[in-house]
Amino acid sequence: MRAQAHQFITQLYNEGLPVFTKTALEDIAQQFDQCAEKASYGQTIRVTALNGAIVEFPLETDNPYPYDYGDDDYRCIMTRPRLVYRTAAELTADRDVQFFSPTRAYLPLEVAHSTEKRCLSTGCTVDGWPTTSYEAVVDRFCRARTAWRASEHYRQFMAALSSATIPTGIRNIVGFACSTMNWAYEDKLPSDAQHALLLGLRDLLSADGHVDVHCIVQDPIYTDIDRQVLQSLNVTVLDDPRAFLEVDNNSVVLSVSPDIPIQQIITDIARPAILLWNRVTEGKKEDPFAADYASTRVISMIRDEYVKVPIPEDRDYFDDLALYVRKAACTRTEGS
């Protein structure tokens, strides 16, 4: 049974059929919305597997996390549903047979839940890391944004982007996994720099004649304060997986070292005008369990359909970020 599943998925992948589709993502997003409108007890999320089978996941919102072994006054509670993304390489990886599940064998998408820690006596949520106030987050971000705009890195980066032949009609910039800015004990955060880059891109594209460029971000780790700060900057925060539905051939995608396979998902669903993500390197050994490695399909897309534009390096804030601009004739049919 395992060999049959692996053979099926490998053939699907080799034939160029998508593992991730907007149709599947939109269907699940709509089910998330429908479940949020009514009581969660007994509801399920139906996910279509690659072989056409329907797998149901129970909605567990507000239920205790089953593997929580906390103290008497605190419990880990499951909150809003989210997706777990599994690539073709992960689905076909040779692992111990005890980890094989016939039900999950064909599933690139599974339903899980975010969690939060609550005090049972007060009902209040306890932050999972040291957080700070709205004012402190805004102050640090503004200082980081101002410092970056005054830096040589900013000047070189924007000069490089300005020199590139950018496709016309860009309508949005979609950022994935830019992380929380609500952290108490650091004076400088990579997340501040990455959100500053998002806004810098919007400023440059708007000045270059692209009208009404919207910024959209998605990261399950965002706190309420993150959402308030981003809203004040005219950045729209969407829940997983809705930001993927906003990506099309007229998008810019920004993603720095995410913990889900952004590169493979985007490669299956669109050909964005600009990609700002971790450097794609040919000949690098694939790791099926790495979060965002470049598959052969990603490598082929970058090699054949994009031009790499040299940008200055800053591994402290942007890791191994690279800039790819789509060639003029290369697009992908929407809705794949």
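Index from 1, following the sequence.
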- Task: Walk me through it: do L109 and L25 pass the test side chain to side chain contact (heavy atoms under 4.5 Å, CB included)?
- Result: CA-CA 9 Å; L109 301 172; L25 294 169; 4.1 Å; yes
Measuring centre to centre across the rings, with the benzene-like ring taken for any Trp, is F176 within less than 6.0 Å of F244? yes
- Query: Are Y317 and H153 close enough that their ring centres sit under 6.0 Å apart?
  - Reply: no
With heavy-atom distances below 4.5 Å as the criterion, would you say the side chains of V309 and F157 are in contact? no
Next item on the list: Kindly say whether L204 contributes a backbone atom to a donor-acceptor pair with the side chain of D208 at under 3.5 angstrom?
Entry: no
Checklist entry - Taking S251 for the side chain and N172 for the main chain, is one N or O donor matched with an acceptor at less than 3.5 Å? => result no
Requested in this report: I would like to know whether R315 and D320 meet salt bridge (charged side-chain N to carboxylate O under 4.0 Å, His left out); could you show each step before the answer?
Outcome: CA-CA 6 Å; R315 288 182 176 269; D320 194 20; 3.2 Å; yes
side-chain hydrogen bond (donor to acceptor under 3.5 Å, both in side chains) with R171: of D248, N249, N250, only one passes, and it is D248
ask   = What do the steps show when you test F141 against S191 for side chain to side chain contact (heavy atoms under 4.5 Å, CB included), and what is the final call?
value = CA-CA 9 Å; F141 174 74; S191 55; over 6 Å; no
NE2 of H195 to SG of C178, rounded to nearest 0.5 Å, is 4.5 Å
Salt-bridge contact E305-K327 (side-chain N to carboxylate O under 4.0 Å) = no
Practice prompt. Could you tell me whether R227 and D219 have a side-chain N and a carboxylate O separated by less than 4.0 Å?
Written response: no
| task | Verify salt bridge (charged side-chain N to carboxylate O under 4.0 Å, His left out) between R143 and D139, making sure each step is shown before the conclusion. | result | CA-CA 6 Å; R143 284 188 283 110; D139 178 68; 3.1 Å; yes
Quiz prompt | Single-linkage hydrophobic cluster, 4.5 Å side-chain cutoff, W129 and Y185 together | solution = yes
*Could you please spell out the steps behind the salt bridge (charged side-chain N to carboxylate O under 4.0 Å, His left out) verdict for R242 and D33?*
CA-CA 11 Å; R242 288 207 167 271; D33 290 345; 2.3 Å; yes
Exactly one candidate in R297, Q263, K22 meets side-chain hydrogen bond (donor to acceptor under 3.5 Å, both in side chains) with D268; the answer is R297
So, the side chain of R80 versus the backbone of P220: is there a donor-acceptor pair under 3.5 Å, distance only? yes
query = Ion pair present between R279 and D319, side-chain N to carboxylate O less than 4.0 angstrom?
reply = no
**OP:** Starting from the C-alpha separation in whole Å, work towards a yes-or-no answer on side chain to side chain contact (heavy atoms under 4.5 Å, CB included) for N182 and Y222.
**Re:** CA-CA 8 Å; N182 189 8; Y222 283 140; over 6 Å; no
Closest non-hydrogen contact found for Y13 with S295 is OH-OG, 3.2 Å
Handout entry: Side-chain donor/acceptor of D240 to backbone N/O of R82, under 3.5 Å
Key = no
Checklist entry - Between Q30 and Q34, is any side-chain donor less than 3.5 angstrom from a side-chain acceptor? => result no
- request: Starting from the C-alpha separation in whole Å, work towards a yes-or-no answer on salt bridge (charged side-chain N to carboxylate O under 4.0 Å, His left out) for R118 and D62.
  value: CA-CA 11 Å; R118 293 180 189 168; D62 290 328; 3.3 Å; yes
Under 3.5 Å, side chain of H210 to main-chain N/O of L205, donor-acceptor pair present?
no
- Give a yes or no on whether the backbone of T92 and the side-chain of R2 come within a donor-acceptor separation of less than 3.5 Å. no
ask   = Is a salt bridge present between R149 and D203, judged by a nitrogen-to-oxygen distance below 4.0 Å?
value = yes
